[in-house]
Amino acid sequence: MNLLETILNAQNGGVVRQMANNFQLDEGQAQSAMGALIPALTRGIRKNTSSSQGLEDLVGALARGKHSEYIENPDALRQPKAVDEGNGILGHIFGSKEVSRQVASHAAENTGIDSGILKQMLPMLASVAMGALSKNQFGSTAAAANQPSSAPGGSDIGSLLTSFLDADKDGSALDDILGMAGRLFR
């Protein structure tokens, strides 16, 4: 399962429902918004993990944080902590608020959802994306808390992350991301 599918299916659609409730959208709009934003997050994560330092930083963040709580308990997305953590994640993934604004603006053009809503959704979705990666890597929140801050065999972890982001297993997640986005906007 890839990142988008993992998030959309988490807790039987609980993340989608919570996002819809948080932003007064219907579930279809929330799913469309998430589908438009997740590919940019995935590209940012892949870009950051293309270097050994970036991969090490991501693995450390996954091991130190309790990000899987957002996948396991979507109600946690109502807490200000979800936005604060998400903004920190976006800073690492995109490097600037301007890039986040551009991502939201592009998603607004594709979905018809106000870019202001998408800008507010993006940090929460970044927290959820890290939660999905953490859960994929370590399992539950409790298991992640017991992992060392830097896991041995970084290339193995990189392979796991790549496979998680690469739905058709061709070694490149980009074609999968574009395909997912295309299916959502038909």
Side-chain angles (χ1 to χ4, degrees), residues 1-46 48-49 57-94 100 103-104 107 111 113-114 116-151 157 160-161 163-165 167 173 177 180 184:
M1 194 176 308
N2 63 42
L3 184 60
L4 177 60
E5 291 170 341
T6 298
I7 292 171
L8 295 178
N9 294 324
Q11 300 298 320
N12 295 315
V15 172
V16 174
R17 282 189 298 280
Q18 188 61 53
M19 288 289 201
N21 289 338
N22 285 358
F23 297 102
Q24 299 167 348
L25 301 171
D26 65 43
E27 287 184 30
Q29 290 173 309
Q31 187 171 2
S32 178
M34 293 166 71
L37 295 170
I38 289 171
L41 292 172
T42 303
R43 282 190 304 273
I45 292 167
R46 294 235 342 126
N48 283 333
T49 59
D57 290 347
L58 176 64
V59 171
L62 291 174
R64 284 187 309 273
K66 295 181 181 176
H67 305 290
S68 63
E69 77 178 297
Y70 300 113
I71 289 290
E72 295 169 353
N73 178 18
D75 287 342
L77 291 168
R78 292 188 293 184
Q79 300 171 6
K81 173 178 107 168
V83 173
D84 293 342
E85 288 179 3
N87 280 325
I89 293 164
L90 290 174
H92 288 288
I93 292 173
F94 295 144
S100 292
V103 166
T111 63
I113 298 170
D114 183 78
I117 291 173
L118 296 173
K119 283 182 216 174
Q120 293 174 29
M121 184 182 285
L122 196 52
M124 287 181 197
L125 196 53
S127 292
V128 170
M130 285 293 284
L133 290 171
S134 179
K135 191 159 176 73
N136 179 59
Q137 184 63 40
F138 300 116
S140 71
T141 303
N146 293 323
Q147 293 298 316
S149 63
S150 65
I157 292 170
L160 285 170
L161 291 172
S163 69
F164 190 58
L165 300 173
I177 295 164
M180 286 184 278
L184 287 170

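Basis for what follows: all heavy atoms, side chains included, without hydrogens, waters or symmetry-related copies. Model, not experiment: these values are computed from the prediction.
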I need the Thr42 OG1 to Leu3 CG distance, nearest 0.5 Å.
4.5 Å
Approximate separation, where rounding is to 0.5 Å, of Ile38 CD1 and Leu4 CG:
4.5 Å
Roughly how far, to the nearest 0.5 Å, is CG of Asn73 from OG of Ser68?
10.5 Å
Minimum heavy-atom separation for Phe94 to Ala40, with atom names?
CE2-O, 3.6 Å
Less than 3.5 Å apart, which donor and acceptor atoms pair up between the side chains of residues 77-88 and the rest of the protein, not counting sequence neighbours?
from	atom 1	to	atom 2	distance (Å)
Lys81	NZ	Glu69	OE2	2.8
Glu85	OE1	Tyr70	OH	2.9
Asn87	ND2	Val83	O	3.4

In short, Val15 meets Pro74 closest at the heavy-atom pair N-CG, 3.7 Å
State, to 0.1 Å, how close Ala33 and Met121 come at their nearest heavy-atom pair, and which atoms those are.
CB-SD, 3.7 Å
Polar side-chain atom of Thr49 near backbone of Ile45 as donor-acceptor pair, under 3.5 Å
yes
Report yes or no: does Ser134 contribute a side-chain atom to a donor-acceptor pair with the main-chain N or O of Met130 at less than 3.5 Å?
no
With rounding to the nearest 0.5 angstrom, report the CZ to CG distance, Arg17 to Asn12.
7.0 Å
Measure the spacing between NZ of Lys119 and CG of Asp114 and express it to the nearest 0.5 Å.
8.0 Å
Quick one: does Asn48's side chain get under 4.5 Å of Leu58's, heavy atoms only?
no
Got Ile89 and Ser127 here, is their nearest side-chain heavy-atom distance under 4.5 Å?
yes
Evaluate side chain to side chain contact (heavy atoms under 4.5 Å, CB included) for Leu133 paired with His67, printing each intermediate quantity in order.
CA-CA 9 Å; Leu133 290 171; His67 305 290; over 6 Å; no
Testing the basics here: between Gly131 and Ile71, what is the closest heavy-atom pair and its distance to 0.1 Å?
C-CG1, 3.6 Å
With side chain to side chain contact (heavy atoms under 4.5 Å, CB included) as the test, would you mind laying out the steps for Arg43 and Ile93 before giving the verdict?
CA-CA 9 Å; Arg43 282 190 304 273; Ile93 292 173; over 6 Å; no
Run the side chain to side chain contact (heavy atoms under 4.5 Å, CB included) test on Met19 and Leu25 for me, step by step, so that the C-alpha distance in whole Å, both residues' side-chain angles and the decisive distance to 0.1 Å come before the verdict.
CA-CA 8 Å; Met19 288 289 201; Leu25 301 171; over 6 Å; no
Has the side chain of Gln29 got a donor or acceptor atom that lies under 3.5 Å from a matching backbone atom of Asp26?
yes
Report the C-alpha distance between Met124 and Phe23 in whole Å, list the side-chain angles of each, state the deciding distance to 0.1 Å, and finish with yes or no for side chain to side chain contact (heavy atoms under 4.5 Å, CB included).
CA-CA 11 Å; Met124 287 181 197; Phe23 297 102; 3.8 Å; yes
Tell me, do His92 and Asp57 make a side-chain contact under 4.5 Å, heavy atoms counted?
no
As an exercise, state the distance from CG of Leu8 to CD of Glu5, rounded to the nearest 0.5 Å.
8.0 Å
Tell me the closest heavy-atom pair linking Leu118 and Ala104, and the distance in Å.
CD1-O, 3.6 Å
Do Val16 and Ile7 touch side chain to side chain, with heavy atoms closer than 4.5 Å?
no
Examine distances only and state if a side-chain atom of Arg46 and a backbone atom of Leu41 form a donor-acceptor pair shorter than 3.5 Å.
no
